[in-house]
Amino acid sequence: MTVNEKLVEFESALNPLIERAMSCVGDANAFLAANTQIEQLMSDGWPGLVSALSAAGPSTEDLAIIQTLSAALSRLETQSRARLVWADDFDEYMRQALSQAPS
(Lines give C-alpha, C1' and ligand atoms only; values in the text may rest on other atoms or scores of the structure.)
Protein backbone atom coordinates (compact mmCIF):
# COMPACT_ATOMS: atom_id res chain seq x y z
CA MET A 1 0.00 0.00 0.00
CA THR A 2 1.40 3.40 -0.97
CA VAL A 3 1.70 6.29 1.43
CA ASN A 4 -1.09 8.09 -0.42
CA GLU A 5 -3.38 5.06 -0.12
CA LYS A 6 -2.66 4.89 3.61
CA LEU A 7 -3.42 8.59 3.95
CA VAL A 8 -6.67 8.24 2.00
CA GLU A 9 -7.64 5.29 4.22
CA PHE A 10 -6.85 7.36 7.32
CA GLU A 11 -8.93 10.25 5.95
CA SER A 12 -11.83 7.88 5.26
CA ALA A 13 -11.73 6.70 8.86
CA LEU A 14 -11.28 10.15 10.42
CA ASN A 15 -13.86 12.17 8.48
CA PRO A 16 -16.93 10.29 9.79
CA LEU A 17 -15.63 10.61 13.34
CA ILE A 18 -15.20 14.36 12.93
CA GLU A 19 -18.70 14.68 11.44
CA ARG A 20 -20.15 12.65 14.29
CA ALA A 21 -18.40 14.82 16.87
CA MET A 22 -19.62 17.97 15.14
CA SER A 23 -23.18 16.70 15.15
CA CYS A 24 -23.20 16.05 18.89
CA VAL A 25 -21.42 19.08 20.33
CA GLY A 26 -24.51 19.76 22.43
CA ASP A 27 -24.49 16.29 23.99
CA ALA A 28 -21.50 16.10 26.33
CA ASN A 29 -21.41 12.30 26.63
CA ALA A 30 -21.75 11.65 22.90
CA PHE A 31 -19.21 14.38 22.15
CA LEU A 32 -16.73 12.88 24.59
CA ALA A 33 -17.20 9.43 23.06
CA ALA A 34 -16.68 10.77 19.54
CA ASN A 35 -13.57 12.67 20.60
CA THR A 36 -12.21 9.59 22.32
CA GLN A 37 -12.51 7.72 19.02
CA ILE A 38 -10.77 10.56 17.18
CA GLU A 39 -7.99 10.57 19.75
CA GLN A 40 -7.57 6.81 19.46
CA LEU A 41 -7.41 6.91 15.66
CA MET A 42 -4.92 9.77 15.75
CA SER A 43 -2.67 8.06 18.31
CA ASP A 44 -2.80 4.73 16.46
CA GLY A 45 -2.56 5.93 12.87
CA TRP A 46 -0.90 9.32 12.65
CA PRO A 47 2.65 8.48 13.85
CA GLY A 48 3.02 5.78 11.18
CA LEU A 49 1.75 8.14 8.52
CA VAL A 50 4.19 10.83 9.59
CA SER A 51 7.06 8.36 9.33
CA ALA A 52 5.93 7.16 5.91
CA LEU A 53 5.41 10.71 4.67
CA SER A 54 8.82 11.75 5.97
CA ALA A 55 10.52 8.83 4.25
CA ALA A 56 8.75 9.20 0.91
CA GLY A 57 8.17 12.93 0.89
CA PRO A 58 4.56 14.09 0.68
CA SER A 59 3.03 14.56 -2.74
CA THR A 60 0.83 17.50 -3.64
CA GLU A 61 -2.19 15.23 -3.20
CA ASP A 62 -0.95 14.13 0.23
CA LEU A 63 -0.55 17.73 1.30
CA ALA A 64 -4.07 18.54 0.09
CA ILE A 65 -5.49 15.68 2.17
CA ILE A 66 -3.54 16.79 5.23
CA GLN A 67 -4.79 20.37 4.79
CA THR A 68 -8.37 19.12 4.45
CA LEU A 69 -8.05 17.04 7.62
CA SER A 70 -6.46 19.93 9.47
CA ALA A 71 -9.28 22.25 8.41
CA ALA A 72 -11.93 19.74 9.52
CA LEU A 73 -10.27 19.32 12.92
CA SER A 74 -10.00 23.09 13.22
CA ARG A 75 -13.74 23.48 12.49
CA LEU A 76 -14.50 20.87 15.15
CA GLU A 77 -12.35 22.72 17.66
CA THR A 78 -14.01 26.03 16.78
CA GLN A 79 -17.48 24.53 17.13
CA SER A 80 -16.66 22.94 20.48
CA ARG A 81 -15.10 26.17 21.79
CA ALA A 82 -18.16 28.12 20.67
CA ARG A 83 -20.34 25.69 22.59
CA LEU A 84 -18.20 26.14 25.71
CA VAL A 85 -18.40 29.92 25.43
CA TRP A 86 -22.17 29.71 25.02
CA ALA A 87 -22.43 27.46 28.08
CA ASP A 88 -20.25 29.79 30.14
CA ASP A 89 -22.27 32.82 29.03
CA PHE A 90 -25.53 31.05 29.82
CA ASP A 91 -24.23 30.02 33.23
CA GLU A 92 -23.21 33.61 33.99
CA TYR A 93 -26.59 34.89 32.79
CA MET A 94 -28.40 32.43 35.05
CA ARG A 95 -26.28 33.41 38.06
CA GLN A 96 -27.01 37.08 37.49
CA ALA A 97 -30.71 36.45 36.97
CA LEU A 98 -30.95 34.36 40.13
CA SER A 99 -29.00 36.89 42.18
CA GLN A 100 -31.36 39.66 41.06
CA ALA A 101 -34.55 37.66 41.54
CA PRO A 102 -36.80 38.89 44.34
CA SER A 103 -36.75 36.67 47.42
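Below, all heavy atoms of this structure are taken into account, side chains as well, without hydrogens, waters or symmetry copies.
What you find for Glu9 and Met1 is that their closest heavy atoms are OE1-CE, 3.5 Å. Scanning both residues, Cys24 and Ala34, for their nearest heavy atoms gives SG-CB, 4.4 Å. In plain terms, the two heavy atoms of Ser80 and Phe31 that are nearest each other are CB-CZ, 3.4 Å. Across every non-hydrogen atom of Pro47 and Met42, the tightest pair is CD-O, 3.4 Å.
Every residue two or more places apart in sequence or in another chain that forms a side-chain contact (heavy atoms from CB on, under 4.5 Å) with Gln40 is listed here: Ser43, Asp44. Taking the side-chain contact (heavy atoms from CB on, under 4.5 Å) definition, one finds that Leu49 meets it with Lys6, Leu7, Phe10, Trp46, sequence neighbours left out.
Taken together through direct or relayed side-chain contacts under 4.5 Å among Ile, Leu, Val, Met, Phe, Trp and Tyr, Leu41 and Leu53 form part of one hydrophobic cluster. Hydrophobic clustering places Ile38 together with Val50 (ILVMFWY residues linked when any side-chain heavy atoms are closer than 4.5 Å, directly or through intermediates).
Summarising the geometry, atom CD belonging to Glu5 is positioned 10.5 Å from atom CG belonging to Asp62; distances are rounded to the nearest 0.5 Å. Atom CD1 of residue Ile65 and atom OG of residue Ser12 lie 8.5 Å apart, to the nearest 0.5 angstrom. With rounding to the nearest 0.5 Å, the separation of CD in Glu19 from CG in Leu14 is 10.0 Å. One finds the CD atom of Gln37 at 12.0 Å from the CD1 atom of Ile18 (value rounded to the nearest 0.5 Å).
A donor-acceptor contact shorter than 3.5 Å links the side chain of Thr68 to the backbone of Ala64. Side chain of Thr78 to main chain of Ser74: a donor-acceptor pair is present (N/O by atom type, distance under 3.5 Å, no hydrogens or angles).
Side-chain contact between Glu77 and Arg81: present, with at least one pair of heavy atoms (C-beta onward) separated by less than 4.5 Å. By the 4.5 Å heavy-atom criterion applied to side chains, Leu76 and Asn35 are counted as neighbours.
The environment of CD in Glu11 is crowded: more than 12 heavy-atom neighbours from other residues, nucleotides or ligands sit within 6.0 Å.
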